[in-house]
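Order of the sequence lines sets the chain letters (A, B, ...), proteins ahead of strands, with each chain counted from 1. Everything quoted here is computed from the prediction, not taken from an experiment.
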Amino acid sequence: MNPRIRAKNRGSATVWAVCSMLIVALLAVAILAAASYYGGATLREENVRKARLTAHSAVDTVFAAVQNIKLPPGNYPDDSAAYAALRGANAWLSPADGEPASAGFSLDFGDGFGQLEALTFSCTRQSDGLYSIVITATASYNGQFQSRSAAVNMHISGTPLALAWEFDAYR
Amino acid sequence: MRKDGEAMTRTHFPGPNSGMTITEVVVALAVIALTSMLLLACFSSAMNMLGRSADRQSASDAAYAGVQSSSAAKSGGSVTLVLEGKSYAVSGSFVTAEQDGVVYRLFVPE
């Protein structure tokens, strides 16, 4: 063999060893990254669940609170007039056009819960005296956001007109 | 100091396959041993992480199912909701479910 060619072979074992070391290091990094991602996904899922439970608690709490509101005293010709008076006394009630509107709020459940980030209401007049209200709460926990909605029905009916509430469904 | 030509002509393993010295082989084996140890350590660490994640996921699933079940621990309490400047006191129960360090809480109004 030509000595010059053989000279270039010198050190090839070390080069191969270093190359294989790099490949193995890449493999090790990939394994660790995959394991780390899986561990992170578990924690993210926990945070998502905590945010969802907070949003769920908030929706239930808001529904429990608004059931206590009363129709302002007055002689209303129809349910629309009563709803307008109700909106005057409760600023969180949105126009009955189905458009969601944000409400100013403060609600803290304490330790172990997430942070309530947003609260929106949308109201739709379904028929005479029947209003469908969708309460949507958005909560966060460690950077994970979740929303929960509940549809409730508000009846403005009777003589004299009175309010009645019923839960419809979670969305 | 040897010249190239001299070094090439004085081979320990004569023949066309004589490309590696014993030093190279020893160094290569040492490098391979080191990388194997590194890979083994990484693999072991990854397995530990995956095992802990799987345990945590199981605990999370159990706690999440628990907090939504009727048998979860409950304690009475109340929260104050302020909505557009109006305060509403809402009483209810704080439901707590804990499983291996994973805790979920829910507030259920009366």
Which bit of B/Val67 is near chain A, if near means a heavy-atom gap under 4.5 Å: side chain, backbone, both or neither?
side chain
Mind listing the closest non-hydrogen atom pair of B/Val90 and A/Ala64 along with its distance?
CG1-CB, 3.8 Å
Those residues of residues 161-171 of chain A, ordered by number, that approach chain B below 4.5 Å (heavy atom to heavy atom)
none
Indicate whether the side chain of B/Tyr64 and that of A/Arg52 have a donor and an acceptor atom separated by less than 3.5 Å.
yes
May I ask you to name which of B/Gln57, B/Glu84, B/Gln68 has the most heavy-atom pairs under 4.5 Å with chain A?
B/Glu84
So what's closer than 4.5 Å to chain B heavy atoms on A/Asn68: side chain, backbone, both or neither?
neither
Does any non-hydrogen side-chain atom of A/Leu107 lie less than 4.5 Å from one of B/Val82?
no
Contacting region of B/Ser60 [heavy-atom separation from chain A under 4.5 Å]
both
Please round to the nearest 0.5 Å and tell me the distance separating atom CZ of A/Arg49 and atom CG of B/Asp61.
4.5 Å
Region of B/Asp55 in contact with chain A, defined by heavy-atom distances below 4.5 Å
neither
Over 60° means perpendicular and under 30° means parallel, so classify the ring planes of A/Phe113 and B/Phe94, tilted if in between.
perpendicular
Any idea which of A/Ile31, A/Thr61, A/Leu119 has the most non-hydrogen atom pairs under 4.5 angstrom with chain B?
A/Thr61
